[in-house]
Amino acid sequence: MIKINEHFNKLQASYLFSNIAARIAEFQEQNPQTDIIKLGIGDATRGLPHACVAAMHAAVDEMGEDATFRGYGPEQGYAFLREKIAENDYAARGADIAADEIFISDGAKCDTGNFQEILAADIRVAVPDPVYPVYVDTNVMAGRTGPFHNGRFENIVYMPSTQENNYVPEPPDTDVDLIYLCFPNNPTGATVSRADLKQWVDFARDNRALILYDAAYESFIRDDAIPRSIYEVEGAREVAVEFRSFSKTAGFTGTRCAFTVVPKECRAFDENGDTRYLHPLWNRRHSTKFNGVAYPVQRAAEAVYTPEGQNQVKALIADYMKNADRIRKEMDDLGYSYVGGEHSPYIWIEAQMDSWAFFDMLLNRAGVVCTPGAGFGPCGASCIRLSAFNSYENVDRAMHRIREALQKG
Ligand code: PLP
C-alpha cells in the first residue's frame with residue numbers, strides 16, 4: 001500500500017494570500033469603481049535592468065548556433081557567475097568566500113527550504129516570530145515538529161521579534177541546533193547590527209549549532225555599517241550558510257536565479273559527535289537533485305556586476321526605497337510606530353488592533369491592500385506589512401487615501 005508522508009497533515013493551509021484575495025474580490029464586487037492599490041505583495045514590479053536583458057538576448061543567440069550552443073551546465077553554476085559573486089559580493093566587503101563555495105540555484109525559496117534535508121531529523125529548530133513561512137513548513141514536512149497549537153508547532157523554538165528587542169531576537173536559553181535568521185527581515189524589514197550578529201555567531205560556535213542566514217534583501221541596505229553578509233562577522237565561516245537571490249536585487253522574481261554559500265569549514269556533527277563538513281554534503285544533494293540554472297539566466301545575472309548593471313540595479317533599488325521613504329513619512333505623520341523601510345522594501349507597522357481588522361479597514365475605507373501580520377506568526381497579530389514594490393505614483397496615492405481614511409477615524 002502506498003502511503004503518504006503523514007507530516008504533511010500537520011501543515012496549516014496557507015490562508016494568508018487566499019484569504020486576502022477573497023476579501024479583495026468581495027470588496028471589488030461591491031465597489032466596482034474603486035481602483036484598489038496593492039501594497040501587500042513582495043514581488044518586484046519594475047522591468048529587468050537593461051544590462052541583464054541585453055546579456056540574456058546575446059546568450060539566447062549563442063544557444064541558437066551549434067558552435068556556441070550549451071547543453072547541461074555545471075550543476076553548481078558557471079564559473080563566470082560564481083567568480084563575479086565571490087569578487088563583488090564578498091571580497092569587496094572583506095568577506096573571504098571562494099567561487100567554489102557558491103552554489104547557483106533557481107531560488108532562495110528552494111534553497112532555504114531544501115537545506116534542512118542534509119541535516120538529521122531529530123535536531124531542534126529555532127525560527128523568528130514573525131517568520132517567512134518556508135523555514136517552518138519545510139521542517140514540518142521533514143517531521144521535525146509536533147502538531148500545531150495556538151499558532152505554533154510543537155518542538156519548534158519560536159524567537160519573538162518585537163518592539164521590545166528592536167525586532168532582533170536574542171539567542172535562546174534553550175538548546176537549539178538549527179537557527180534561521182533573515183536580515184533585512186521579511187516581514188519586519190528590521191536589520192541587524194554587526195555586534196548582534198556576532199552574538200549569534202558566538203552562540204552557534206559555543207553550542208555546536210548552525211545558522212541558516214537569509215540575506216535575500218541585502219541590496220536594500222543603505223548604511224555601510226550594517227552587515228550585508230554574515231561572513232562579515234568573524235568566525236561565521238564555520239557555523240553559517242548564507243542564501244541570496246537576484247529576485248529582489250535585480251527583479252529576477254520571474255527569471256529565477258539565486259545562490260547559496262557553504263564555506264568549506266562550515267560543519268555539523270555525525271552521531272558520534274565527529275565533525276562533518278557540509279560543503280560536500282550540499283554539493284552531493286544539489287548535483288543529485290538539481291540540473292543547473294539556464295545559461296541565458298546566468299548570463300543575465302552576471303550582467304548585474306558590470307558597471308552598467310550596477311548603476312541600473314542601484315537605480316532600481318533607489319526607486320523602491322523612494323516608495324519606502326514615502327510610506328515611512330506618512331506613518332511618522334500619522335503617529336504610527338513601525339520598523340523597516342530604511343534598509344528594506346518592507347515596513348512593519350504596529351496597528352494597535354487585530355491585523356485582519358486593520359486590513360479590512362484599509363481596504364474598505366481607503367481601497368488599499370496590506371498584508372496582515374497574523375499571517376507570519378502570533379507576534380504579528382497586531383501588525384501589518386506594507387510593501388514598497390509598486391510605482392511611486394500608486395504609493396503616493398495610497399498614502400493620501402490612508403491619511404484620509406485614518407483621519408476620519
Ligand atoms: N527569502 C525571503 C526572506 C523572501 O522573502 C523570499 C521571497 O519573497 C525568498 C527568500 C525567495 O526568494 P527567491 O525568489 O529567490 O526564491
Side-chain angles (χ1 to χ4, degrees), residues 14 16-17 20 38-46 48 52 77 81 85 89 102-116 127-139 159 161 167-169 179-192 211-221 228-230 240-261 286 289-290 292-294 297-298 300-301 304 313 316-317 320 324 339-341 343-348 370-371 373 375-377 380 385-390:
S14 180
L16 179 64
F17 289 102
I20 290 174
K38 294 183 180 163
L39 297 185
I41 45 166
D43 193 357
T45 53
R46 301 280 308 273
L48 293 174
C52 300
L81 179 55
I85 293 170
D89 288 332
I102 296 164
F103 294 83
I104 308 297
S105 79
D106 60 353
K109 181 177 190 176
C110 328
D111 287 355
T112 53
N114 289 329
F115 203 87
Q116 49 75 30
V127 297
D129 174 7
V131 65
Y132 177 54
V134 174
Y135 312 152
V136 175
D137 286 356
T138 49
N139 278 291
M159 308 180 292
S161 307
Y167 305 91
V168 178
I179 300 146
Y180 288 83
L181 294 178
C182 173
F183 291 108
N185 188 264
N186 178 17
T188 69
T191 50
V192 68
I211 297 171
L212 298 185
Y213 192 74
D214 188 343
Y217 296 92
E218 60 76 30
S219 52
F220 292 84
I221 294 174
R228 286 170 176 248
S229 163
I230 195 164
V241 167
E242 180 165 291
F243 305 95
R244 292 226 191 158
S245 175
F246 292 95
S247 282
K248 310 297 159 78
T249 305
F252 274 47
T253 47
T255 305
R256 312 304 304 147
C257 196
F259 58 92
T260 288
V261 181
H286 192 71
K289 292 195 173 181
F290 185 65
V293 173
V297 170
Q298 292 193 57
V304 163
V313 161
L316 195 66
I317 301 279
Y320 288 131
V339 62
H343 309 287
S344 143
Y346 300 127
I347 296 95
W348 183 249
C370 66
T371 310
F376 299 101
R385 188 190 77 178
L386 287 180
S387 154
F389 291 115
N390 212 315

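The figures here come from the full heavy-atom set of this structure, side chains too, leaving out hydrogens, waters and symmetry mates. Indexing begins at 1, ligand by ligand and atom by atom, following the structure's order.
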| Residue pair Asp214 / Tyr132, side-chain heavy-atom distance below 4.5 Å | yes

| task | Please identify which atoms of ligand 1 are closer than 4.0 Å to at least one heavy atom of Arg256. | result | 13 (P), 14 (O), 15 (O), 16 (O)

| query | Phe290 and Phe103: aromatic ring centres closer than 6.0 Å? | reply | no

| said: Quick check on contacts: which atoms of ligand 1 are under 4.0 angstrom from a heavy atom of Ser245? | reply: 13 (P), 15 (O)

| field | Pairwise distance CD(Glu242) to CG(Leu181) - rounded to 0.5 angstrom | value | 11.0 Å

| query | For ligand 1, which part of Ser247 has a heavy atom less than 4.0 Å away: the side chain, the backbone, both, or neither? | reply | side chain

| said: Can you confirm, on distance only, whether ligand 1 has an N/O atom lying under 3.5 Å from any N/O atom belonging to Tyr346? | reply: no

| said: Within ligand 1, which atoms have a heavy atom of Asn186 less than 4.0 Å away? | reply: 3 (C), 4 (C), 5 (O)

| said: Does the residue Phe246 have a heavy-atom contact with ligand 1, meaning some pair of atoms that are separated by less than 4.0 Å? | reply: no

| remark: heavy-atom search around atom 3 (C) of ligand 1 in the protein gives Asp214 OD2, 3.2 Å

| task | May I ask you to check whether Ala108 has an N/O atom sitting below 3.5 Å from an N/O atom of ligand 1? | result | yes

| request: Give the numbers and elements of all ligand 1 atoms closer than 4.0 Å to a heavy atom of Lys109. | output: 11 (C), 12 (O), 13 (P), 16 (O)

| Checking Lys248 side chain against Phe220 main chain: does a donor-acceptor pair fall under 3.5 Å? | no

| Contact atoms of ligand 1, heavy-atom distance to Cys182 under 4.0 Å | 3 (C)

| Under 4.0 Å to a heavy atom of Gly107 - the qualifying atoms of ligand 1, by number | 15 (O), 16 (O)

